**Q** 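Okay, handing you the structure first.
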Amino acid sequence: AVGVQGLSQSEVAYQNAVAYAKDRLQGRSLNGPKAPDKVADPIIVHPDVRRTLLQIRAFNEAARALALWMGLQAEMVHRSQDQKQREAAEDLLGLMTPVVKGVLTDRGFANAVEAQQMLGGHGYIEEWGLSQFVRDARIAMIYEGTNGVQALDLVGRKLPAHMGRYLRSFFHPVLNYMDAKLDDENLGPLITPLSKAFGALQLATAHIAEKGLKDPEEAGAAATQYLRLFGMVALGYMWVRMAEVAHEKRVSNPDDAAFYEAKIATARFFMEKLLPDVAALWGSIKAGKASMMALDEAMF
């Protein structure tokens, strides 16, 4: 529920920022005027404005899919008549709860700040509302377990639970899906970066398991980066699943083709511009605890 709160703040901030970016006139397109009849172009023509808006949009849509997927698991836990299905859903929901809470609220706040940036000085004026979204989004990172504690729950409790059974509830379906779709001409360009990111997640998981057994501080030092890495892979998986549906629907529902084309384009943006963050997160995890534990308390 708190994860969805973070997503909701990100979404309302995005909607306001988009409306402003389409209306606000400032400067001209780098490739020449797009609105020659006006004194300036709307700022949405500028690449960096589009980058900002797209990174929020790409997160929001994948996060919404992830929240829905977990909502379905909760329904199965409470309502399924199949014991094995209930247990599998409970495993996946237990594993992903800290990921959803931590990643959706971290990014929800960061996205609210980015959306506020789109308004320039207007973003700091109360009548425009963006400053309120930023303040409201901040609390979600704190209550119901601060996100640092959520990360510790993921690496300290969920990873080793039942000899890795919780992990298998996510790893196995993602692996099976990628194997099945690798040769799909539409999805192949998305599967390849997802596969690389998933490989980094597997390596990070093994690294934390090995180091953490010998020294719990090593697991603790990697926890936040691991949670974020896990979240990026989960969001990437959601995007490939959405792109698969979009490719099918744009043919069977030509009246809504523009909607599905936007989905496909946003999936590509996520894979090319956001998912590469996984490499940096994996690099930080590999670096271990040494530098963060090196200072004596008196040095802080």
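Side chains included, hydrogens not; waters and symmetry mates left out as well; all remaining heavy atoms used. From a predicted model like this one, the values you see are computed outputs, not experimental measurements.
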**Q** Answer yes or no: is there a donor N or O on one side and an acceptor on the other, between the side chain of T192 and the main chain of P189, under 3.5 Å?
**A** no
**Q** How many angstroms lie between OG1 in T266 and CZ in F269, if you round to the nearest 0.5 Å?
**A** 8.5 Å
**Q** Identify all side-chain donor-acceptor contacts of residues 92-110 below 3.5 Å with residues at least two apart in sequence or on another chain.
**A**
| residue | atom | partner | partner atom | Å |
| --- | --- | --- | --- | --- |
| T97 | OG1 | L93 | O | 2.6 |
| K101 | NZ | A140 | O | 2.9 |
| K101 | NZ | Y143 | O | 3.0 |
| K101 | NZ | G145 | O | 2.8 |
| K101 | NZ | N147 | OD1 | 2.9 |
| T105 | OG1 | K101 | O | 2.6 |
| T105 | OG1 | G102 | O | 3.3 |
| T105 | OG1 | N147 | OD1 | 3.4 |
| T105 | OG1 | N147 | ND2 | 2.9 |
| D106 | OD1 | N147 | ND2 | 2.8 |
| R107 | NH2 | N111 | OD1 | 2.9 |

**Q** Count the heavy atoms of every other residue, nucleotide or ligand shown that sit under 6.0 Å from CD of Q117, and state whether that count exceeds 12.
**A** no
**Q** Which atom pairs, one a donor and one an acceptor, fall under 3.5 Å between side chains of residues 280-293 and the rest of the protein, sequence neighbours left out?
**A**
| residue | atom | partner | partner atom | Å |
| --- | --- | --- | --- | --- |
| K289 | NZ | D215 | OD2 | 2.7 |
| K289 | NZ | E217 | OE1 | 2.8 |

**Q** Any side-chain heavy-atom pair from R28 and P33 closer than 4.5 angstrom?
**A** yes
**Q** Taking atom CD of Q150 and atom CG of L227, what is their separation to the nearest 0.5 Å?
**A** 8.0 Å
**Q** Look up atom OG1 in T224 and atom CG in L152, then write down how far apart they are to the nearest 0.5 Å.
**A** 7.0 Å
**Q** Output yes when a side-chain donor or acceptor of N253 lies under 3.5 Å from a complementary backbone atom of D255, and no otherwise.
**A** no
**Q** Considering only residues two or more places apart or on different chains, which pairs with a residue in residues 133-154 satisfy salt bridge (Lys or Arg N to Asp or Glu O under 4.0 Å)?
**A** E126-R135, D153-R157, D153-K158
**Q** Please write out which residues are connected to M76 in a hydrophobic cluster, directly or through intermediates, given that two of Ile, Leu, Val, Met, Phe, Trp, Tyr count as joined at side-chain heavy-atom separations below 4.5 angstrom.
**A** none
**Q** Are M178 and V174 close enough that some pair of their side-chain heavy atoms sits under 4.5 Å apart?
**A** yes
**Q** Test of understanding: with side chain to side chain donor-acceptor pair (under 3.5 Å), list the residues that count as partners of E87, not counting sequence neighbours.
**A** Q83
**Q** Any side-chain donor paired with an acceptor under 3.5 Å for S10 and N60?
**A** yes
**Q** Applying a strict under-4.5 Å side-chain criterion to I, L, V, M, F, W and Y, I'd like to know whether L194 and L274 cluster together.
**A** yes
**Q** Any side-chain heavy-atom pair from L167 and F230 closer than 4.5 angstrom?
**A** yes
**Q** Please name all residues satisfying side chain to side chain donor-acceptor pair (under 3.5 Å) with S80, sequence neighbours left out, ordered by chain then number.
**A** Q85
**Q** Given side chains that start at C-beta, do those of E218 and I208 come closer than 4.5 Å, heavy atoms only?
**A** no
**Q** With sequence neighbours left out, what residues match F171 under ring pair (Phe, Tyr, Trp, His ring centres under 6.0 Å)?
**A** F198
**Q** Should the heavy atoms of other residues, nucleotides or ligands under 6.0 Å from NZ of K34 be counted, would the total exceed 12?
**A** yes
**Q** If we only count heavy atoms from C-beta on, is the R228 to D277 side-chain gap below 4.5 Å?
**A** no
**Q** Does the Q116 side chain pair with the main chain of G123, one donor and one acceptor, at a distance under 3.5 Å?
**A** yes
**Q** Can you list, by chain and residue number, the hydrophobic cluster partners of V45 when the side-chain cut-off is 4.5 Å?
**A** none
**Q** Run the side chain to side chain donor-acceptor pair (under 3.5 Å) test against Q9 and tell me which residues pass, sequence neighbours left out.
**A** none
**Q** To the nearest 0.5 Å, tell me how far F259 CZ sits from R250 CZ.
**A** 14.0 Å
**Q** With a cutoff of under 4.5 Å between side-chain heavy atoms, which Ile, Leu, Val, Met, Phe, Trp and Tyr residues group with V39?
**A** L25
**Q** Indicate if I264 and V245 have the same hydrophobic cluster label, given that clusters are the connected sets of ILVMFWY residues with side-chain heavy-atom separations under 4.5 angstrom.
**A** no
**Q** What pairs with D179 under side chain to side chain donor-acceptor pair (under 3.5 Å), at least two apart in sequence or on another chain?
**A** none
**Q** Is there a donor-acceptor pair closer than 3.5 Å between any side-chain N or O of D41 and the backbone N or O of A35?
**A** yes
**Q** Please examine the side chains of V278 and K196, heavy atoms only from C-beta on, and report whether any two atoms are closer than 4.5 Å.
**A** no
**Q** If you group Ile, Leu, Val, Met, Phe, Trp and Tyr whenever their side-chain heavy atoms sit less than 4.5 Å apart, what else falls in with L130?
**A** V12, Y14, V18, Y20, I43, I44, V49, L53, I56, M118, L119, I125, W128, F133
**Q** Should the pair Y177 and Y237 be assigned to parallel (<30°), tilted (30 to 60°) or perpendicular (>60°) ring geometry?
**A** perpendicular
**Q** Please round to the nearest 0.5 Å and tell me the distance separating atom NZ of K263 and atom NE2 of H247.
**A** 13.0 Å
**Q** Is any side-chain heavy atom of F170 closer than 4.5 Å to one of D91?
**A** no
**Q** Between R64 and E61, is there a side-chain heavy-atom distance shorter than 4.5 Å?
**A** yes
**Q** Tell me if the CD atom of Q26 is crowded by more than 12 foreign heavy atoms within 6.0 Å.
**A** no
**Q** Please walk me through it: do R86 and E90 pass salt bridge (charged side-chain N to carboxylate O under 4.0 Å, His left out)?
**A** CA-CA 6 Å; R86 288 199 308 273; E90 192 165 21; over 6 Å; no
**Q** Yes or no on salt bridge (charged side-chain N to carboxylate O under 4.0 Å, His left out) for K249 and D256, after CA distance, side-chain angles and deciding distance?
**A** CA-CA 8 Å; K249 294 288 187 179; D256 295 325; over 6 Å; no
**Q** To the closest 0.5 Å, what do you measure between CH2 (W239) and CG (L190)?
**A** 10.0 Å
